[in-house]
Amino acid sequence: QVQLVESGGGLVQAGGSLRLSCAASGPTFGNYLMGWFRQAPGKEREFVAAISRSGESTVYADFVKGRFTISRDNAKNTVYLQMNSLKPDDTAVYYCAASRGVLPRTPSLYDYWGQGTQVTVSS
């Protein structure tokens, strides 16, 4: 069982930055691929970024490439999402998730989810 707790969300002006953190419980954090998803009101949950168990491989949604960076610290059981050049369209609840699988873009293949953290970008 893995419990995930996100933090770092908030209100920021367009062009600003935020760093989200996701702290995981349990000794097996390094066994999981980690992902970030987001969900805006009235929209489906969508993939943002994922990182491999070792942290050597990452993958991003096209709409965040060059602006967001995912990273992890297995010693601290934490995954991060650095978000730069934020846009109003980035406004959403951001969720981290852990997967034992190998396909990082599909929400249904993630085994554990955090409760989410709100990110609001004002224009």
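As a basis for the values below, the full set of heavy atoms in this structure was taken, side chains included, without hydrogen atoms, waters or symmetry mates.
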Would a hydrophobic clustering, with Ile, Leu, Val, Met, Phe, Trp and Tyr connected at side-chain separations under 4.5 Å, put [X] with [Y]?
X: Leu4; Y: Val93; answer: no
X: Val64; Y: Ile70; answer: yes
X: Val5; Y: Tyr112; answer: no
X: Trp113; Y: Met34; answer: no

Does [X] reach the main-chain N or O of [Y] with its side chain, forming a donor-acceptor pair under 3.5 Å?
X: Thr117; Y: Gly9; result: yes
X: Ser99; Y: Gly101; result: yes
X: Arg105; Y: Val59; result: no

Identified salt bridge (charged side-chain N to carboxylate O under 4.0 Å, His left out) counterpart of Arg67 within the set Asp62, Asp90, Asp89: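 Option passing the salt bridge (charged side-chain N to carboxylate O under 4.0 Å, His left out) with Arg67: Asp90.
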Which of these, Tyr94, Phe47, Tyr95, sits in a ring-ring contact (aromatic ring centres under 6.0 Å, His included) with Phe37?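 Answer to the ring-ring contact (aromatic ring centres under 6.0 Å, His included) test with Phe37 among Tyr94, Phe47, Tyr95: Phe47.
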Show the nearest heavy-atom pair for residues [X] and [Y], with the distance to one decimal.
X: Pro88; Y: Ser123; answer: CG-CB, 3.9 Å
X: Tyr110; Y: Gly35; answer: CE2-N, 3.7 Å
X: Ala49; Y: Leu81; answer: CB-CD1, 4.3 Å

Run the numbers on Arg53 and Asn74 for side-chain contact (heavy atoms from CB on, under 4.5 Å), then give the verdict. CA-CA 9 Å; Arg53 291 160 178 80; Asn74 286 348; 5.9 Å; no
With rounding to the nearest 0.5 angstrom, report the CD to CZ distance, Glu44 to Arg38.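 CZ of Arg38 is found 14.0 Å from CD of Glu44.
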State, yes or no, whether a side-chain contact exists between [X] and [Y] at a heavy-atom distance under 4.5 Å.
X: Thr78; Y: Arg72; result: no
X: Trp36; Y: Ile51; result: no
X: Glu6; Y: Gln115; result: yes

Only pairs under 3.5 Å count here: list side-chain donor-acceptor contacts from residues 11-33, not counting sequence neighbours, and write none if there are none.
unit_1, atom_1, unit_2, atom_2, d
Ser17, OG, Asn84, OD1, 2.9
Ser25, OG, Gln3, N, 3.0

